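Structure record follows, encoded as structure tokens.
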Amino acid sequence: MTVYKSDFMRTLSERGFIYQCSDTDALDRLFLSETVTAYIGFDCTAKSLHVGSLVQIMMLHWLQETGHRPLALMGGGTTRIGDPTGKDEARKILTDEEIEENKAGIRKVFDRFLTFGDGPKDAIMADNADWLMGLRYIDFLREIGRFVSVNQMLQRDSVKLRLEREQHLSLLEFNYMVLQAYDYVELTRRYGCRLQMGGSDQWGNILSGVDLGRRLTETELFALTTPLLTTSSGAKMGKTADGAVWLNADMRSPYDYWQFWRNTEDADVGRFLKLFTKLPLDEIARLEALEGAELNEAKKILANEATRLMHGDEAAAEAAETARKTFEEGALAQSLPSIEVPQTDLEAGIGLLAAYVQAGLCASNGDVRRNVKGGAVRINDETVTDERRTLTAADLTSDGVIKLSLGKKKHILLRPV
RNA sequence: GGAGGAGUGCCCGAGUGGUUAAAGGGGACGGACUGUAAAUCCGUUGGCUUUGCCUACGUUGGUUCGAAUCCAACCUCCUCCA
């Protein structure tokens, strides 16, 4: 491993953030000599970012931590195009309202990890809609387009794969990387930005910006990517049956977030501790050296720390306590995620199928039926064998709730109101 | 512009008139085993008011008692020719 002199590069390197970099030595020197502004772009394709973006967010956090200036770029403009990278086909076109709503949701996350303001080291949030929306086609082609090589674009994986897989690629999507490249230049002009970071899938897009920057601003710009995050058994990070592991609390509760980290595979514990917590490396080394069941302690610490960063001390402690009661005591924890149903509905009797679908434990009635057959459905810890069972006030426990479980790990409380 | 080939479920991929909600694999979910892990084994994997009905094999129409399978047009991709 290269030994870096700057705090930022050393930290990133030691903690496993670096996958590719356009010029590590020069970048290291840059970080030693000045306060560097670096950016990462986030498209507004959903109301929240998910754990897949967390590595990126942590990088911005470390950037500020080591005395530099992070810039979070909202893709308010580029989201109107849709990044073809890694996609088989164009995503559906989002409406302006959806994009604005998504942007608002995504912004919230950054307040937890960055300090914004007007000072020289305060983080900046920008939106590429500000300069992309007003572009004029012919002007843009003449000023920027002449410096963009189609030959090079065709070599980029995002494009090449599409073509090789015999899938349609529209001019709209093809332009995405040109706009991303232009973003980089624009940020260099506006904020003196010198570095763009991103996931490894963004390497091509980022380099396009570096090339364009060299031609237009005669400044050396840098590119740095993180490794694609997969679990040791090869699955993509953060993708589960119930979808992505969202960061926003209203889309995935702190308890479920905590559980996500608690269920980390053994082989990933050390790697994740380095990437997703701020624990000192010697402490991490101690934790990942644990073996067998003892590793569970390390997983709890991982869950605690990751949840703390995301949702705060209180939420993390509560999630840990809920998990302890549920899994270690087998007791009913009042703080499990819950859904509310009107008292009157309960008195009338709620169908098992409806309850599970409403709780989000199953996708459809048929899904519940299948799980009943498979013995996965339990009410108040008793296995249900009759799919036509109804839930009534008689099912309320002494705590006044009904515990719906799917499998061993998913529990939702049903609360009458 | 011309000739030929292709488009199947979350993904890959078989199927070329009824027995096909569609083989097989992957993934995912559930069960067993464990440590709320991995690996392994087993089961499940379109929806619904479930002995039935509805939706689904690029899109839209058509032929037929009956179509993923035949025909037409369109969309997209590939190969060759101009």
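All of these numbers come straight from a predicted model, not from anything done at the bench. A, B, ... follow the sequence lines: proteins, then strands. Residue 1 opens every chain.
With both ends at atom P, the span from B:U51 to B:G58 equals 31 Å, rounded to whole Å. As rounded to the nearest Å, B:U69 and B:G18 have P atoms that lie 11 Å from one another. Remark: the separation of the C1' atoms in B:A82 and B:U20 is 44 Å, to the nearest Å. Distance noted for atom P between B:C71 and B:G5: 11 Å (whole Å). Distance noted for atom C1' between B:A21 and B:A67: 15 Å (whole Å). The separation of B:U40 from B:U34, taken at their C1' atoms, amounts to 11 Å, rounded to a whole angstrom. The separation of B:G25 from B:C42, taken at their P atoms, amounts to 11 Å, rounded to a whole angstrom. Separation of the C1' atoms belonging to B:G52 and B:G31 is 30 Å when rounded to the nearest angstrom.
Counting only Watson-Crick and G-U wobble pairs whose two distances sit under 3.5 Å, RNA chain B takes part in these stems of three or more pairs: B:1-7 with B:75-81, B:10-12 with B:24-26, B:27-32 with B:40-45, B:46-48 with B:52-54, B:58-62 with B:70-74.
Remark: A:Arg10 CZ to A:Ile18 CD1 distance equals 11.5 Å, nearest 0.5 Å.
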Contact string for nucleotides 49-54 of chain B, one letter per nucleotide 5' to 3', B = base within protein heavy-atom range under 4.0 Å, S = sugar-phosphate only, - = neither, reads SB----

Whether each nucleotide of nucleotides 30-36 of chain B has a protein heavy atom under 4.0 Å at its base (B), only at its sugar-phosphate (S) or at neither (-) is summarised, 5' to 3', as SSS-BBB

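Although no hydrogens or angles enter the test, the distance criterion places no donor-acceptor pair under 3.5 Å between the side chain of A:Ser338 and the main chain of A:Arg415. The backbone N or O of A:Arg194 lies less than 3.5 Å from a partner atom in the side chain of A:Tyr184, making a donor-acceptor pair. Counting only distance, with no hydrogens or angles, the side chain of A:His68 and the backbone of A:Val36 share a donor-acceptor pair below 3.5 Å. Checked by atom type and distance alone, the side chain of A:Asp395 pairs as donor or acceptor with a backbone atom of A:Thr392 at under 3.5 Å.
For the OP1/OP2 pair of B:G46 and a distance below 4.0 Å, the side-chain nitrogens and oxygens of A:Ser364 include no atom meeting the criterion.
Counting to the nearest Å, the C1' atom of B:A38 and the CD atom of A:Glu288 are 17 Å from each other. Taking atom CZ on A:Phe174 and atom P on B:C77, their separation rounds to 13 Å, with Å as the unit. Between A:Arg370 atom CZ and B:A21 atom P the separation is 17 Å, expressed in whole Å. Here the P atom of nucleotide B:A37 and the CG atom of A:Leu287 are 19 Å apart, to the nearest Å.
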Which side-chain N or O atoms in residues 304-315 of chain A pair as donor and acceptor under 3.5 Å with protein atoms at least two apart or in another chain?
residue	atom	partner	partner atom	Å
A:Asn304	OD1	A:Trp258	NE1	2.7
A:Asn304	ND2	A:Lys300	O	3.4
A:Thr307	OG1	A:Ala303	O	2.6

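Ring centroid separation for the pair A:Tyr4 and A:Phe31 does not come in under the 6.0 Å cut-off. In this structure, A:Phe110 has its ring center closer than 6.0 angstrom to the ring center of A:Phe42. Ring pair A:Trp62/A:Phe8: centre-to-centre distance not below 6.0 Å.
For residues 337-364 of chain A, there are no salt bridge (charged side-chain N to carboxylate O under 4.0 Å, His left out) pairs, not counting sequence neighbours. For the salt bridge (charged side-chain N to carboxylate O under 4.0 Å, His left out) condition, the pairs that include at least one residue of residues 40-51 of chain A, sequence neighbours left out, are A:Lys47-A:Glu101.
No more than 12 heavy atoms of other residues, nucleotides or ligands lie within 6.0 Å of OH in A:Tyr19, so this atom counts as exposed by the packing criterion.
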